Every structure is written in C-alpha cells, then in structure tokens.
**Student:** 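Pasting a structure here, questions to come.
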There are 2 protein chains.
Amino acid sequence: MNLTQSPEPISRRSLHEELVARLRTMIVDGTMAPGMKVPEKDLCERFAVSRTPLREALKVLAADGLVYLEPNRGAWVTELTESEVSEVFPVLGALEALSGELACENIMDEELAALRQHHDQMILSYKEQDLDGYFQANQRIHAGILSAARNETLVVQCEALSARMQRARYVANISEDRWVEAVSEHEEIIAALEAKDGKALGEILKKHMYNKQLSILKWLDANRETAA
Amino acid sequence: MNLTQSPEPISRRSLHEELVARLRTMIVDGTMAPGMKVPEKDLCERFAVSRTPLREALKVLAADGLVYLEPNRGAWVTELTESEVSEVFPVLGALEALSGELACENIMDEELAALRQHHDQMILSYKEQDLDGYFQANQRIHAGILSAARNETLVVQCEALSARMQRARYVANISEDRWVEAVSEHEEIIAALEAKDGKALGEILKKHMYNKQLSILKWLDANRETAA
DNA sequence: ATATGTAATTTTGAATTCAAAATGCAGTCA
DNA sequence: TGACTGCATTTTGAATTCAAAATTACATAT
C-alpha cells in the first residue's frame, strides 16, 4: 500500500475534553450564569456521564478561571467583578497588541483579503444595525489577526482570557456611542494592517481593548444593584 | 462579638491541588525530564494516593502546557522545542513589559528599596561568580516587579509561561558573555524602575526576555544532537 | 421567637472496580 | 531470519463505591 498523502489521524476525544468544551460554552454564553453553583449531579445526568470525567473537566475550567472550587463545598461559576475586568483587559490588551505586531510581519495576502471582506461586512452590519452580524464579523477579524500572528501559545492565552470576558460582552448591550467609536477604531485597524504597520496596529488594538474595558465597566457599574 | 479585622480563612487544600504543585515542581526542576512518560502508577505509590486525584492533576498540568495527554496512551512531559521557545518568549516579553509599566505606576517605596537590595545582592553574586545566588536574586527581582504591578491575572499568566521555560534555564548553563550582558540589562532595569519610567522599563524587560530567548535557542541548538 | 444542639440527608473527595484499549510476547508461516 | 497473527498482560478511561464533610431539618431550651 502506498499512501503518498497520508490521511489525517483519526482524532479521538476523551470524555473530559468534550466536557471541558461543552461546559466552557455554557459558561461563556451565559447558560450557566456567573455566581451560580455548578450543579454536578444535574450535569452528570444531562450529559449521561459519571462524576469522574465531569470533575476532571471542572478542575481544568478552574485553572482557566471560569469556575472556582471550594474544597468540600463544590464549584461555582466565577462572577465578573470590576476588579477582574480591570485586571484581565490590560493583559488582553498587551497580548492583542503583540498579535497585531506579529500579524503584520506574517500575514499572507489571502488572509489580508479575507480580513478586508470581514471588515466590509462588519461595516455593512453596522449600517443595518444588525448587532449579531456585527459581533460575528468582529469576532472573525480578531480571530483572523490572531491566527496570522503564527503563534499558537498566543492564541491559547488570548482565547482563555477572552472567554472570561466574553460573558460580559453577551450581556452588556453595546451603547450607540460606543458602537460608533468601535467602528471608527476598526477603520484604523484595517488601515494599519493593510499598511503592515505593526507598531501602529498594536497601539490601536490596545486602545480598542481599553475602550472595551471602559464600556464593560460602565455597564457593570450601572447593573451593580440590579444583580445584587 | 465584634470582628473588626476578620481573620483570614483557614486554607485547606485538596489532594489534587497538592499534587498539581508537587508535579509542577518536579517538571520545572527537571526531576521529570522533558519527553519522559509520566509514570502514573509509580507516582501514585510514591505519593500514596489513588489514581483519581493524580489524573485530575495531570489534566490541569496539561491545560498549563507542562504535560500532554494522548487518549488511551497516557501522559508525557512536554519537550522543550525550538518552536515552543520561539512562541512562548515573545508572549512572556509582552507580559513582562506590561508588568514593568504597571509596576512603575504602583510600586511602593519599601518594595522599591527591597528590589534595590536584591539588585545589589545580584551584582555581588555575579562578582563572586555565584550562579545559584545570582539566579535566586534574579528570580526575586522579577517576582518583585510582577507583584508591584498589582495584577493577579498577570502574575498567574507569567508564572505559567515562565514555568514552561524555567526547565531550560535550569539546564542551559548561562554563558559568560550572556551573563555580562544580563547584568548590564539589570542595571538598566533598576534605573528605569527608580526613575519610575514605565515605558523604558517595559522596553528593557522585553529586550531582556528576547536575549534570554536567543541564549536558550543557542543552547538548544548546540544540544540538539546530544539529546536525540 | 430566636438561638443552640442533634440526627438525618445530601454532597463531596478519593479509593476501588471494571471494561476497553494498547502493549508485549510467543508461535506460525513465508 | 523476519514479519504477521492470536493470546496474555498491562495500562487507561470512566463508573461505581465508600467514607468524610457539609447541609438541612428538626427538636429543645432560653
């Protein structure tokens, strides 16, 4: 038998891996709300697994900062506090800035073209006031820059921290003012990218992150008493 | 009863937490060498625990990138490859740069004084060619800057990535040339810190990291055939 | 009624068990 | 000799079990 192009290996997934992915999604999209006790027994029944793999998954999510464990008391979904937001965003800003610099060095023409399309799509969604479409295009742009940076470690770190903040973005409905501002920042982003100006792109992405932070902090502050 | 200053909660540790800490140490200090299969049964006997908590710990270490898991085949200590080093150091550089900037904003006088002492101690160790003392002082300086940044998330991220690189630092014996260079960089670091020049400190720390990367890559390259 | 003490129940942490998968080892045949 | 096959052994993944800890419910006393 001659296998010139070897087929990709059959990827197998252990139960706990699958559970990590599922639970992460549930936390990020708000199905499991911040502050909520993780219902171990419930989840076991729902996913039809025993406690062993579920608990393994919870340990991993705890290391990621999405849940916290209290010995002998169980697991809770982490709250999104002001102080956490104020800690995570600067770190995310530094990492996105790096991703911008690296992307300018390594991006390929087809990738750049795809990003330009996503950008135009995003502008279109904004003009039609289509928030879902906007979010999706926005997501794709950031993912595209990150992947163009050619640094898997950076991807992993960014995604882990983003996941922790994502929950807020789902709930925090963007204000019209912030939306206008974000769109204008994105014009700068695509411009810097097309000019391959890494330094500038890094700065803009950092600023972009900082503004997101402010917008979320504002929302958190406004909803503080509501939640409590 | 009036508890004006509430006592700190009694901290308890589950077995798996303890195991994560112990195994991490064993991997970082080289007791478990890169590339080695993790001897599950052995470790269980050695620590006198069952497989359940040990395996939970391995999942966490895998999420940290210190081991990798192959389904149905077990766990291995991750190798330190050129590509991993080339990925992790830039990320670490960006994070250390951030820590420098934040430290300049937030450091207190006593902390600065302590760092100056560690620095002087480090110079002394260098003059006496005391590598252990030098490493220790060096470690304390970086930890001190990080803690002065007042950002727990940043600390966690830096420590996780540092742990992955630390193994190399243990094995890679610093060259005399690199040592001279590192000492001179540290003079710049303490100067920027005392001048509270965040931008400059960030730049130097980033450069410092980059030079460490080069030095480790050189070592890896020289030892490539030895290890294989 | 509120606070304290006690027993029953539930939940958690970790050991054990069990089935599936991988590995190692003979024995067979070219 | 060398590679393939089938069987025994080991290792792994996950369910189950069991003891310890926490929670709840209830009774009693102030």
Side-chain angles (χ1 to χ4, degrees), chain A residues 1-3 6-24 26-27 32-33 35-78, chain B residues 1-3 6-24 26-27 32-33 35-78:
Chain A
M1 187 159 63
N2 178 16
L3 291 175
S6 61
E8 64 183 65
I10 299 172
S11 96
R12 281 173 298 182
R13 225 177 184 187
S14 56
L15 265 186
H16 104 272
E17 273 183 291
E18 182 72 29
L19 286 170
V20 166
R22 299 250 202 151
L23 293 174
R24 175 174 288 131
M26 289 175 75
I27 292 171
M32 294 212 286
M36 168 187 185
K37 166 110 208 235
V38 177
E40 205 175 278
K41 213 176 134 194
D42 245 39
L43 291 169
C44 285
E45 286 169 18
R46 211 107 70 77
F47 292 123
V49 298
S50 79
R51 284 173 60 225
T52 307
L54 187 91
R55 299 177 97 264
E56 287 172 348
L58 289 177
K59 305 279 184 286
V60 172
L61 293 173
D64 271 11
L66 284 174
V67 308
Y68 64 95
L69 309 172
E70 287 193 40
N72 297 319
R73 315 243 291 97
W76 278 262
V77 179
T78 47
Chain B
M1 186 158 67
N2 179 17
L3 291 175
S6 61
E8 64 182 66
I10 299 170
S11 95
R12 282 173 295 183
R13 225 177 187 189
S14 57
L15 264 185
H16 105 271
E17 273 183 291
E18 182 71 31
L19 286 170
V20 166
R22 300 249 202 150
L23 293 174
R24 176 174 287 132
M26 290 174 74
I27 292 172
M32 292 212 288
M36 167 188 187
K37 166 112 210 230
V38 177
E40 205 175 280
K41 212 176 137 194
D42 246 38
L43 291 169
C44 285
E45 286 169 17
R46 212 106 71 74
F47 292 124
V49 297
S50 78
R51 285 174 59 223
T52 309
L54 187 90
R55 296 170 102 288
E56 286 171 348
L58 288 176
K59 304 279 185 287
V60 173
L61 292 172
D64 271 12
L66 285 174
V67 308
Y68 63 94
L69 309 173
E70 286 193 39
N72 296 319
R73 314 245 290 98
W76 279 263
V77 179
T78 47

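All values below come from the heavy atoms of this structure, side chains included, with hydrogens, waters and symmetry mates left out. Please read all numbers here as calculations on a predicted model, not as lab measurements. Below, chains carry the letters A, B, ... as their sequence lines are ordered, and counting in each starts from 1.
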**Student:** Which residues satisfy the side chain to side chain contact (heavy atoms under 4.5 Å, CB included) test with B:Ala63, sequence neighbours excluded?
**Tutor:** A:Val60
**Student:** Classify every nucleotide of nucleotides 14-22 of chain D by which part a protein heavy atom approaches to under 4.0 Å, writing B for the base, S for the sugar-phosphate alone and - for neither, in 5'-to-3' order.
**Tutor:** BBB----SS
**Student:** Figure out the NZ/C1' separation between A:Lys41 and C:dT12, and round it to whole Å.
**Tutor:** 13 Å
**Student:** What integer distance in Å separates B:Leu69:CG from C:dA22:P?
**Tutor:** 15 Å
**Student:** Can you measure from CG (A:Leu23) to NE2 (A:His16) and round to the nearest 0.5 angstrom?
**Tutor:** 11.0 Å
**Student:** Taking atom C1' of C:dT12 as reference, at what distance in whole Å does atom CG of A:Asp42 sit?
**Tutor:** 16 Å
**Student:** Test of understanding: with side chain to side chain contact (heavy atoms under 4.5 Å, CB included), list the residues that count as partners of B:Glu70, not counting sequence neighbours.
**Tutor:** B:Tyr68, B:Arg73, B:Trp76
**Student:** May I ask you to verify if any side-chain N or O of B:Lys37 is less than 4.0 angstrom from the OP1 or OP2 atom of D:dT10?
**Tutor:** no
**Student:** Please state how far atom CD in A:Glu18 lies from atom P in D:dG13, giving the value in whole angstrom units.
**Tutor:** 16 Å
**Student:** Is B:Lys37 atom NZ crowded by more than 12 heavy atoms from other residues, nucleotides or ligands, each under 6.0 Å away?
**Tutor:** yes
**Student:** Could you state the CD-P distance from B:Glu70 to C:dA21, rounded to the nearest angstrom?
**Tutor:** 17 Å
**Student:** With A:Met32, which of A:Leu66, A:Val67, A:Val77 fulfils side chain to side chain contact (heavy atoms under 4.5 Å, CB included)?
**Tutor:** A:Val77
**Student:** Once rounded to the nearest 0.5 Å, what's the spacing between atom CZ of A:Arg22 and atom CG of A:Leu15?
**Tutor:** 10.0 Å
